[in-house]
Enquirer: 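Handing you a structure now.
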Amino acid sequence: MTNRATFGSKLGVILATVGSAVGLGNIWRFPYMLGENGGAAFLLVYILCILLLGLPVMITEFFIGRYSQRNAAGAFKALAPGSKWSIIGYNGVLAAFMILGFYSVVAGWTLEYFVQAVTGSLGGKSAAEFTADFERFSSGVFRPIAWTVVFVALTHTIVISGVKNGIERASKIMMPLLFLILAILCVRSLTLPDAGKGIAFLFNPDFGKITSSAILSAMGQAFFSLSIGMGCLITYSSYFYKETNLQRIALQVTLLDTLVALLAGVMIFPAVFSFQIEPTAGVELVFITLPNVFGQMPFGAVWSFIFFVLLALAALTSTISLHEVATAYVLEEHKISRAKAATYVSLGVLVLGVVSSLSLGIWKEYTLFGLSFFNLLDYVTAKIMLPFGGMLICLFVGRRIDRKILKAELTNNGTIPFYFFHTYAFFMKYIAPVAIGFIFLNELGIIKWMV
Ligand code: TRP
């Protein structure tokens with residue numbers, strides 16, 4: 001395909017990709033997963049998953065996308081015509097809808113908190129009041145749904161105007177600012193009374209906590225946070241230049257993404273212990289911890305204002321990338337206009353978003369496997385569809401792609417070195433798919449090597 005869209009600049013490539021990876025996954029999902037799965041032991045397994053599974057899968061997605069120059073499903077049709085491998089892409093497009101279905105609800109919450117910061121209603125409350133207020137808001141009907149709609153509309157507007165002008169530009173200002181404010185909040189949190197308990201929770205592993213379900217959660221979080229396993233990075237890398245250094249981008253994105261998650265942990269856990277909040281609080285953890293921290297700071301309202309703006313923007317660069325997976329697929333494979341494709345996607349996402357928001361409130365009793373619709377979307381995507389997609393992506397490239405082609409693409413036809421190519425190829429072909437398979441089988445109880 002010629003004349004395909006590309007990102008506007010080198011910086012745009014890296015910022016858009018980091019923008020996709022860094023989002024609510026780092027600041028909202030990572031801390032609560034860590035809190036629910038025993039703290040430091042989870043962190044350790046998470047980091048192993050990032051290095052052993054995440055990095056090889058990410059490089060492999062970059063290969064597929066830039067080599068094929070197609071969307072998540074089209075890529076497999078182009079590289080293996082007539083085969084069943086394009087199921088990886090369909091799994092990814094479906095996952096994009098499902099993730100957006102709960103992600104936009106949480107993204108909507110950040111807008112509510114941003115408005116509360118502006119109107120000053122975040123100030124002067126006790127820890128218990130923050131918790132009660134969050135629960136009242138998130139289980140309501142109108143407000144959370146309205147914010148979800150606003151967020152989907154924002155995403156939609158940017159996706160239809162193409163990625164280059166909107167998001168690339170915004171990311172350049174916002175990503176450095178996000179780092180800065182996280183660092184400031186870490187310092188504030190670390191100087192709270194009892195901060196040491198939070199740091200111990202985060203960094204002192206209790207190996208007894210490494211259970212089968214904690215491993216599955218850590219693997220799911222690694223895939224979710226790096227935006228891998230569903231073709232998001234296939235889609236983005238199809239917009240990269242032929243000169244882009246894929247290895248370097250993969251390393252930079254992985255490092256930055258992990259750094260942001262760690263900073264979020266350092267910002268949240270000291271506060272959790274200082275304000276005696278339960279680390280296992282679940283989805284509300286960040287939304288009740290942070291307002292408490294801001295309350296302890298001079299000009300707390302200003303800090304919370306800046307923080308929630310940045311969080312909303314970080315969420316937006318991620319929702320765009322999710323939306324783009326589905327939009328690019330509909331647009332290219334069904335040959336309709338970008339605007340029309342994006343509209344179908346947004347409408348589908350809204351339906352899921354409304355149901356998942358209500359499933360935390362008035363539709364709480366309706367559960368499947370003990371999970372609300374919101375949690376079901378989260379569970380099925382992060383813990384099943386993404387690792388499954390990642391496993392298939394590795395199997396596909398390992399089995400169907402000639403090593404020489406793989407190496408040529410990853411070294412830009414031999415113009416840049418790839419010192420660890422054989423290690424990478426070994427991990428991609430054997431270690432990653434086998435490890436993911438093991439974790440699945442163990443969780444299902446089919447093999448039992450761990451409780
Ligand atoms: N990685 C993003 C975050 O951490 C969310 C996200 C964007 C994502 N694109 C994705 C998750 C693709 C899974 C797959 O917030």
Side-chain angles (χ1 to χ4, degrees), residues 15-34 46 49-50 53-54 57-58 61-62 65 71-72 88-89 91-110 151 155 158-159 163 167 171 174-175 178 182 218-237 239 250 253-265 283 286 310-329 345 349 377-390 392-393:
L15 287 174
T17 315
V18 173
S20 164
V22 173
L24 296 173
N26 306 61
I27 296 167
W28 161 72
R29 198 176 187 279
F30 172 77
Y32 98 73
M33 281 283 140
L34 191 132
Y46 173 74
C49 288
I50 291 279
L53 311 177
V57 173
M58 187 183 289
E61 282 201 34
F62 283 166
N71 63 80
I88 304 174
N91 173 64
V93 173
L94 186 63
F97 277 100
M98 294 169 65
I99 295 173
L100 278 170
F102 69 91
Y103 201 96
S104 351
V105 174
V106 183
W109 296 346
T110 66
F151 211 91
T155 308
I158 295 177
V159 170
V163 176
I167 214 54
S171 312
M174 180 209 113
M175 298 315 291
L178 185 71
L182 278 176
M219 172 169 77
Q221 176 59 26
F223 276 77
F224 189 88
S225 191
L226 294 176
S227 303
I228 56 176
M230 49 80 82
C232 191
L233 298 184
I234 294 179
T235 309
Y236 266 32
S237 59
Y239 307 136
V253 171
T254 305
L255 284 176
L256 284 175
D257 187 73
T258 308
L259 186 64
V260 174
L262 281 175
L263 286 177
V283 295
V286 174
L310 291 175
L311 189 57
L313 287 172
L316 188 58
T317 51
S318 297
T319 53
I320 288 162
S321 74
L322 286 158
H323 198 295
E324 181 68 20
V325 174
T327 303
Y329 160 74
V345 174
V349 166
L377 290 180
D378 178 307
Y379 189 102
V380 171
T381 51
K383 294 187 190 169
I384 301 172
M385 294 169 89
L386 301 181
F388 181 68
L392 292 181
I393 283 168

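Just so you know, ligand 1 is whichever comes first in the structure, and atom 1 is the first atom listed for that ligand.
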Enquirer: Under the side-chain hydrogen bond (donor to acceptor under 3.5 Å, both in side chains) rule, collect the residues that match up with S237, sequence neighbours excluded.
Expert: none
Enquirer: Out of curiosity, L311 CG to T110 OG1, how far, rounded to the nearest 0.5 Å?
Expert: 5.5 Å
Enquirer: Checking side-chain polar atoms at under 3.5 Å, does H323 have a donor or acceptor matched by the opposite partner on T327?
Expert: yes
Enquirer: Only counting residues at least two apart or in another chain, list the ones meeting side-chain hydrogen bond (donor to acceptor under 3.5 Å, both in side chains) with T381.
Expert: none
Enquirer: Of all residues at least two apart in sequence or in a different chain, which pass the ring pair (Phe, Tyr, Trp, His ring centres under 6.0 Å) check with F97?
Expert: none
Enquirer: Which atom pair, heavy atoms only, marks the closest approach of V286 to I27?
Expert: CG2-O, 3.0 Å
Enquirer: Using a threshold of 4.0 angstrom between heavy atoms of the protein and any atom of ligand 1, which residues qualify?
Expert: S20, A21, G23, L24, G25, N26, I99, Y103, F224, S225, S227, M230, C232, S318, S321, L322, L386
